[in-house]
There are 2 protein chains.
Amino acid sequence: MSLREEILEVSRELLIKEGFGKMSMRRIAERADVSATSIYLYFKNKDDLLLALIEESIENLKAALMEVVDVSKGLLMQLEDMARAYISYALNHPQEYEIIYMVRPEEMPRYPKEKFMNIRSGYELLAGIISEGHAREQIDVEDALINAYTLWAQLHGVVSVILNKRLDTRIPQEQFIEQALENIIRGFVLQKSPV
Amino acid sequence: MSLREEILEVSRELLIKEGFGKMSMRRIAERADVSATSIYLYFKNKDDLLLALIEESIENLKAALMEVVDVSKGLLMQLEDMARAYISYALNHPQEYEIIYMVRPEEMPRYPKEKFMNIRSGYELLAGIISEGHAREQIDVEDALINAYTLWAQLHGVVSVILNKRLDTRIPQEQFIEQALENIIRGFVLQKSPV
DNA sequence: ATGAAAGGTTAACACTGTTAAGTAAACAGT
DNA sequence: ACTGTTTACTTAACAGTGTTAACCTTTCAT
């Protein structure tokens with residue numbers, strides 16, 4: 001295993017087990033048994049390293065979504081499955097999920113859009129399914145890509161509130177998720193033109 | 001103006017004008033013309049100061065929502081107005097909005113739930129309106145509070161995607177917002193039992 | 001007048017990301 | 001076999017961070 005790969009592995013482990021706050025260059029270096037500056041031989045800076053982790057996380061998230069894709073199932077069912085898979089992944093891998101939304105383009109001007117475009121590719125998967133649903137005339141949406149984004153955004157909001165511990169203690173998490181899913185799917189799917 | 005108030009004011013100005021990254025204790029102190037350690041006379045630590053700013057921001061956000069409340073308007077219209085007000089506030093005061101979701105309870109164990117409960121009071125406003133709509137039988141929801149949270153979560157997701165610059169460059173922001181609003185409101189409002 | 005409290009200060013600790021300069025081993029060309 | 005260069009790494013240092021301990025003054029109450 002190359003040092004670059006080891007740094008990535010150690011970083012990810014540190015991130016997951018100890019949290020983002022503990023993921024410092026020196027700590028990573030220590031666990032990889034090299035000096036802190038060696039990291040800079042393989043990553044331009046911490047954001048660059050973070051970005052590599054983000055890309056891995058996006059891949060994992062995408063893989064988790066892909067797993068539940070089942071074209072035989074019909075659009076509505078498929079969307080719900082994906083939405084549930086999205087939420088499950090986020091709640092089961094909180095740190096991995098959260099770094100995806102942690103690094104900002106404006107805070108790392110050295111990395112222009114291209115990298116973030118790549119990151120966005122997760123949306124394409126969703127857009128593809130929506131498009132397919134449209135083609136099969138199960139749904140009537142103006143623009144599959146926009147709807148993929150709104151769906152994604154809504155799901156992100158739901159998991160974000162939970163992960164940020166902003167959910168009222170009076171509300172059971174399960175019930176919140178079910179209600180949110182119901183609202184989101186309904187709001188999306190009823191674009192189906194009345195046949 | 002007390003030093004405590006001045007620290008808050010300077011912090012807010014620094015946060016808004018220079019961004020969260022530039023808001024360091026020493027910089028705040030410099031602008032308030034005191035030593036950095038003086039801040040600790042009025043705030044236990046940086047998170048405590050941040051929490052005070054968050055509370056102010058929540059108040060501002062709530063005030064912005066209150067402004068558009070118009071009970072003569074009917075539930076659907078009112079919800080849409082509030083949703084738009086929420087998005088507008090977030091986009092027009094990005095730094096103020098973002099710190100609301102920045103500090104985490106688990107990262108500041110010294111502040112237990114009580115403070116965050118207070119922060120949550122913004123949701124109550126929304127829940128109130130939904131309850132009222134329910135009372136007037138304009139809507140049939142099982143639990144107004146849960147629905148207030150799901151609505152809030154979805155709105156947060158929408159602004160979050162925009163503020164985090166995760167929106168695909170192919171998608172015009174305006175169009176994204178309109179589509180999201182449409183989906184969110186529809187998903188929520190069609191719980192109205194068919195009369 | 002004396003003691004205590006209020007409201008500040010300076011110095012220091014243990015961190016952080018990052019850069020510059022240096023070293024030691026491996027390799028290539030003549 | 002002796003060069004010169006590249007590769008992979010290190011140490012030392014800079015400038016910054018949040019935070020604590022210890023120390024001054026000034027104000028105030030008894």
Side-chain angles (χ1 to χ4, degrees), chain A residues 1-55 95 98-99 102-112 115, chain B residues 1-55 95 98-99 102-112 115:
Chain A
M1 185 166 54
S2 77
L3 181 51
R4 194 195 129 96
E5 281 164 350
E6 178 152 359
I7 289 170
L8 278 174
E9 195 175 287
V10 165
S11 303
R12 160 147 271 118
E13 194 188 311
L14 210 44
L15 176 74
I16 292 171
K17 292 193 182 164
E18 316 254 347
F20 179 72
K22 300 268 177 186
M23 202 192 100
S24 79
M25 300 301 257
R26 283 177 172 82
R27 225 183 295 259
I28 292 166
E30 192 187 4
R31 301 223 179 168
D33 217 41
V34 287
S35 75
T37 51
S38 287
I39 301 174
Y40 291 86
L41 297 173
Y42 302 95
F43 302 94
K44 296 188 184 176
N45 48 49
K46 195 182 182 182
D47 282 339
D48 191 25
L49 169 56
L50 225 35
L51 208 60
L53 288 178
I54 289 177
E55 282 183 62
Q95 287 90 346
E98 293 198 68
I99 56 161
M102 202 161 261
V103 180
R104 317 286 259 285
E106 74 256 30
E107 278 156 17
M108 35 197 306
R110 311 167 222 205
Y111 301 90
K115 282 259 183 191
Chain B
M1 184 166 54
S2 76
L3 181 51
R4 195 195 129 95
E5 281 165 349
E6 178 151 357
I7 289 170
L8 277 173
E9 195 176 287
V10 165
S11 302
R12 161 146 271 119
E13 194 187 312
L14 211 44
L15 176 73
I16 293 170
K17 292 193 183 165
E18 316 253 348
F20 179 73
K22 300 270 176 183
M23 203 192 98
S24 80
M25 300 301 256
R26 284 177 172 83
R27 224 183 294 260
I28 292 167
E30 193 188 3
R31 302 222 179 170
D33 217 40
V34 288
S35 76
T37 51
S38 287
I39 301 174
Y40 291 85
L41 298 172
Y42 302 95
F43 303 94
K44 295 187 185 177
N45 48 47
K46 196 183 182 183
D47 282 339
D48 191 24
L49 169 57
L50 225 37
L51 208 60
L53 288 178
I54 289 177
E55 282 183 63
Q95 288 91 348
E98 294 196 68
I99 55 161
M102 202 160 261
V103 180
R104 316 286 258 285
E106 72 257 33
E107 277 156 15
M108 35 196 309
R110 312 168 221 204
Y111 301 91
K115 282 260 184 189

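Reminder, nothing fancy here: chain letters follow the sequence lines and each chain counts from 1.
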Spacing of [X] atom [atom1] and [Y] atom [atom2] [to the nearest 0.5 Å]:
| X | Y | atom1 | atom2 | value |
| --- | --- | --- | --- | --- |
| B:Glu30 | B:Leu14 | CD | CG | 9.5 Å |
| A:Leu51 | A:Phe43 | CG | CZ | 10.5 Å |
| B:Leu8 | B:Leu15 | CG | CG | 11.5 Å |

- line: Side-chain contact check for B:Arg27: nearest option of C:dT19, D:dG18, D:dT17 is D:dT17
Protein-nucleotide distance ([X], atom [atom1]; [N], atom [atom2]), rounded to Å:
| X | N | atom1 | atom2 | answer |
| --- | --- | --- | --- | --- |
| A:Ile28 | D:dC9 | CD1 | C1' | 18 Å |
| A:Met25 | D:dC9 | CE | P | 15 Å |
| B:Leu50 | D:dG18 | CG | C1' | 13 Å |
| A:Arg4 | D:dC9 | CZ | C1' | 17 Å |
| A:Lys46 | D:dT17 | NZ | C1' | 12 Å |
| B:Tyr40 | C:dA11 | OH | P | 18 Å |
| A:Ile39 | D:dT10 | CD1 | C1' | 13 Å |
| B:Lys44 | D:dT20 | NZ | P | 12 Å |

By side chain to side chain contact (heavy atoms under 4.5 Å, CB included) - contacts of A:Leu41 (at least two apart):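 A:Leu41 satisfies side chain to side chain contact (heavy atoms under 4.5 Å, CB included) with A:Ser38 only.
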Show the atom names and distances, to 0.1 Å, of all donor-acceptor pairs under 3.5 Å that link a side chain in residues 18-26 of chain B to residues at least two apart or in another chain.
| residue | atom | partner | partner atom | Å |
| --- | --- | --- | --- | --- |
| B:Glu18 | OE2 | B:Arg31 | NH2 | 3.1 |
| B:Ser24 | OG | B:Arg27 | N | 3.2 |

query: Taking only residues two or more places apart in sequence, or in another chain, which ones meet B:Glu13 in a salt bridge (Lys or Arg N to Asp or Glu O under 4.0 Å)?
result: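 Partners of B:Glu13 by the salt bridge (Lys or Arg N to Asp or Glu O under 4.0 Å) criterion, ordered by chain and then number, come out as B:Lys17.
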query: Is B:Thr37 side chain donor-acceptor paired with the D:dT20 base, going by distance under 3.5 Å alone?
result: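 In this structure, the two groups form no donor-acceptor pair.
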- request: Could you tell me whether the side chain of B:Arg26 has a donor or acceptor atom within less than 3.5 Å of a complementary atom in the base of D:dG18?
  value: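 By the distance-only test, yes, there is a pair.
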Pairwise side-chain contact, B:Leu49 with B:Tyr40, heavy-atom cut-off 4.5 Å (strictly under):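 Not touching, per the 4.5 Å side-chain cut-off.
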- request: Enumerate the residues from residues 11-24 of chain B whose closest heavy atom to DNA chain C is under 4.0 Å, giving them by residue number; use none for an empty result.
  value: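 Close to the strand, none.
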Between protein and nucleic acid, restricted to nucleotides 6-8 of chain C and to nitrogen or oxygen atoms under 3.5 Å apart, what atom pairs and distances do you find?
| residue | atom | partner | partner atom | Å |
| --- | --- | --- | --- | --- |
| C:dG8 | OP2 | B:Tyr42 | OH | 2.4 |

- prompt: Looking only at heavy atoms, what is the nearest atom pair of B:Ser11 and B:Ile28, with distance?
  reply: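 Heavy-atom minimum between the residues: OG-CD1, 3.5 Å.
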task: For the pair A:Glu98 (side chain) and A:Gln95 (backbone), establish whether a donor and an acceptor sit closer than 3.5 Å, ignoring hydrogens and angles.
output: no
